Peer 1: 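Before I ask anything, let me first share the structure, which is written out below as structure tokens.
As the structure is a computational prediction, the values presented were derived from the model and not from experiment. Excluded from the calculations below are hydrogen atoms, water molecules and symmetry mates; all remaining heavy atoms, backbone and side chain alike, are included. Residue numbering restarts at 1 for every chain, and letters A, B, ... go by the order of the sequence lines.
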Number of protein chains: 2
Amino acid sequence: MTLTDVAQHAGVSPQTVSRSLRSPELVSDSTRERVRASIASTGYVPNLAARNLASNRSMTVAAIIPSISASVFADAVHGLDHELSSHGYQLFIGSTDYSADREEELVRALLGRRPDGMFIVGTEHTAKANQLLKEARIPVVEAWSLTDSPIHSQVGFSNREAVRSLVQYGHAQGYRHPTFAGSLQPGDARAIERRRGFEASVRAIYPNEAIRVLDSGNHGADMDAGVALLDRVLSEHPETDLIVFSSDIFAAGALLECARRRISVPGDIAVIGFGDFEIAAHTVPRLTTVAAPSHDIGTRAGRVLLESMHSASESTQEIDLGFTIVARESA
Amino acid sequence: MTLTDVAQHAGVSPQTVSRSLRSPELVSDSTRERVRASIASTGYVPNLAARNLASNRSMTVAAIIPSISASVFADAVHGLDHELSSHGYQLFIGSTDYSADREEELVRALLGRRPDGMFIVGTEHTAKANQLLKEARIPVVEAWSLTDSPIHSQVGFSNREAVRSLVQYGHAQGYRHPTFAGSLQPGDARAIERRRGFEASVRAIYPNEAIRVLDSGNHGADMDAGVALLDRVLSEHPETDLIVFSSDIFAAGALLECARRRISVPGDIAVIGFGDFEIAAHTVPRLTTVAAPSHDIGTRAGRVLLESMHSASESTQEIDLGFTIVARESA
DNA sequence: TTGTATGCGTTATCAC
DNA sequence: GTGATAACGCATACAA
């Protein structure tokens with residue numbers, strides 16, 4: 001069923017059918033009604049790919065996230081979708097599984113769909129991906145972490161500041177020997193920002209303290225890696241009384257292991273995570289961590305995109321949404 | 001940047017560029033290399049909307065789910081995406097927010113993108129949505145629950161068997177007077193299946209027991225309805241020692257109300273839900289329920305779609321993936 | 001191995 | 001208020 005079929009059925013030109021759909025006010029009541037009836041009886045569904053090609057607008061936005069099943073990103077996509085769909089935009093989605101190469105691949109593939117805007121988690125991309133994004137001449141929102149050299153707009157919070165707050169919180173709770181532990185691979189720019197935040201704040205808050213940072217290396221970001229990190233903290237830095245993990249996952253693994261070994265948390269050692277994932281509220285003791293405004297990031301990103309897509313001006317926005325320390329029992 | 005631009009740059013015809021991309025083996029090494037270089041230096045990104053129009057294949061799949069941020073559906077989409085993206089398909093996503101009208105709207109809109117396949121959660125759609133889906137002539141996988149009259153293929157689990165297992169579990173825990181409570185409107189085949197499962201299994205397991213079934217009627221499927229159902233169970237069937245709700249939502253409402261009234265769960269009365277929604281792990285006491293194999297549903301649905309899209313035969317599949325009883329503290 | 005003609009379904013532009 | 005015509009960027013079929 002095409003526009004032409006409907007036109008024949010209604011006894012008008014294809015152009016008139018197109019008009020009744022796009023700008024009904026330019027069409028007389030009687031023909032508009034005839035067209036409406038023909039559309040209903042033929043079961044015509046407009047081909048948006050053709051519309052896209054002819055009008056040079058796709059009414060789509062592409063979203064690139066590390067993982068769909070990570071609830072923080074799902075929340076963001078939910079907010080994004082809510083904002084965009086109410087304005088008639090549809091959402092393309094791709095997940096990188098935290099791989100920069102996969103991200104570049106996705107950027108290329110999704111750009112091929114000619115989206116009117118792009119939402120992408122993170123500010124660290126391959127050189128090629130960066131270039132593609134810039135040359136695409138569409139609004140791009142980089143979300144989550146904030147950077148000094150965004151491609152276009154950005155919506156997020158400062159990982160660095162968040163960790164600084166965490167260290168301050170730990171200091172206020174009376175801990176004196178914090179150690180940072182996480183995966184600090186080049187791929188994960190957010191983890192690196194967190195480490196930087198840790199180093200800077202320890203330097204400021206604990207001027208006489210050594211700066212202890214442990215890298216889990218190139219292993220998976222799973223709870224087992226958290227156990228391994230705990231092990232290393234205990235053996236390499238036995239003076240530690242507070243571990244700041246770069247992710248709730250690591251922290252949860254460490255917490256489990258502490259229970260197994262009858263290490264009291266936070267009595268013997270305190271534990272802090274990052275992300276406020278679901279698991280953080282279910283560990284024993286429950287995990288103190290920092291929450292990103294996931295849903296808001298999506299919503300605000302959606303609004304920024306809508307504005308940019310409609311105004312066609314090149315103006316960009318940088319929005320810092322802050323974060324929340326979630327104080328529970330583990331520290 | 002278009003195919004033609006690249007062709008001019010490389011000094012060949014547009015056709016040759018197209019061929020070097022689609023079937024490189026038909027092009028001589030030297031020209032292929034020239035084309036490759038031109039693509040790289042022009043930063044050409046193929047327009048997939050145009051390719052879609054010309055080739056009548058979009059290499060996209062549309063997924064319609066109730067909510068992106070519900071982890072069960074996010075897991076399914078993750079599995080689906082993983083399966084499809086490895087074969088070059090991209091994913092369109094839409095969330096209905098549990099509204100049938102919104103679902104119909106989405107079906108229409110996403111069908112406009114001419115996806116090569118469709119993934120949709122649930123088997124109950126508006127008449128119009130059903131018709132659109134059938135007339136789209138693309139493979140459709142209805143996921144989650146199983147129905148007797150699928151549109152095309154389906155991947156899910158048997159609600160009937162799941163409730164039967166729940167009743168068996170309740171019996172094993174020592175409960176002797178189970179009552180089923182839920183929304184049993186004629187439209188909702190899944191709830192009816194659950195009721196049937198309840199009736200059949202009570203008949204088999206409790207031969208001397210009356211079969212108690214309560215219908216919340218034509219109200220919303222929200223926590224308040226759960227409170228109302230609890231009320232009716234207590235007044236109409238005071239002998240009840242186990243309530244099997246047709247949804248975690250109802251069960252969670254009932255649990256909250258029990259806390260308010262100082263009714264001990266499971267001491268005074270036990271409660272079982274259905275679905276293993278996120279809330280089930282957050283109630284006090286935590287809710288015993290049944291979990292769908294979310295991620296597997298997505299993965300298998302992806303495979304079914306791939307087969308159907310490639311074979312072009314009209315063959316359909318019906319896959320029962322089973323379920324898992326999640327035993328927590330409420331029963 | 002490469003090039004030419006034609007069409008995919010729609011919108012934009014300009015006529016009437 | 002309505003219609004004819006030419007794009008949009010690519011693939012298909014066929015020809016060379």
Peer 1: Among C:dT10, C:dT2, C:dT11, which nucleotide has an atom closest to any side-chain atom of A:Y44?
Peer 2: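 Nucleotide nearest to A:Y44's side chain: C:dT10.
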Peer 1: When you measure from the side chain of A:L3, which nucleotide among D:dA11, C:dT10, C:dT2 comes out closest?
Peer 2: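 Shortest atom-to-atom distance from the side chain points to C:dT10.
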Peer 1: Please determine if B:R108 and B:E104 form a salt bridge, counting it only when a charged side-chain N lies under 4.0 Å from a carboxylate O.
Peer 2: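 Result for this pair is yes, salt bridge flagged.
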Peer 1: Answer with base, sugar-phosphate or nothing: what part of the nucleic acid does A:P14 contact at a heavy-atom distance below 4.0 Å?
Peer 2: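 Nothing, no nucleic acid heavy atom in range.
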Peer 1: Look at the side chain of A:S13 and decide which nucleotide, out of C:dT11, C:dT10, D:dA4, has an atom nearest to it.
Peer 2: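 Looking only at heavy atoms from C-beta outward on A:S13, the closest nucleotide is D:dA4.
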Peer 1: Ignoring backbone atoms, establish whether B:T31 has a side-chain N or O less than 4.0 Å from OP1 or OP2 of C:dT2.
Peer 2: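 B:T31 to C:dT2 OP1/OP2: side-chain N or O found under 4.0 Å.
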Peer 1: Counting only side-chain heavy atoms from C-beta out, which of D:dG9, C:dT10, C:dT11 sits nearest to A:N47?
Peer 2: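 The nucleotide sitting nearest to the side chain is C:dT10.
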Peer 1: Look at A:T16 and D:dT2 and indicate whether a side-chain polar atom (N or O) is within less than 4.0 Å of OP1 or OP2.
Peer 2: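 Checking D:dT2 against A:T16, no side-chain N or O comes under 4.0 Å of OP1 or OP2.
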Peer 1: Counting just side-chain N and O atoms, does A:R19 come under 4.0 Å of either OP1 or OP2 of D:dT2?
Peer 2: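 Answer is no, no contact under 4.0 Å.
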Peer 1: Is A:S55 close enough to C:dT11 that one of its side-chain N or O atoms is under 4.0 Å from OP1 or OP2 there?
Peer 2: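 Answer no for this pair, as no side-chain N or O of A:S55 is under 4.0 Å from OP1 or OP2.
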Peer 1: Around atom CG of B:D97, are there more than 12 heavy atoms from other residues, nucleotides or ligands closer than 6.0 Å?
Peer 2: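 Correct, the count exceeds 12.
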Peer 1: Considering only C:dA12, D:dA11, D:dC8, which nucleotide approaches the side chain of A:Q15 most closely?
Peer 2: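 Nearest to the side chain of A:Q15 among the choices is C:dA12.
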Peer 1: Checking side-chain polar atoms at under 3.5 Å, does A:S99 have a donor or acceptor matched by the opposite partner on A:T96?
Peer 2: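 No donor-acceptor contact under 3.5 Å links the two side chains.
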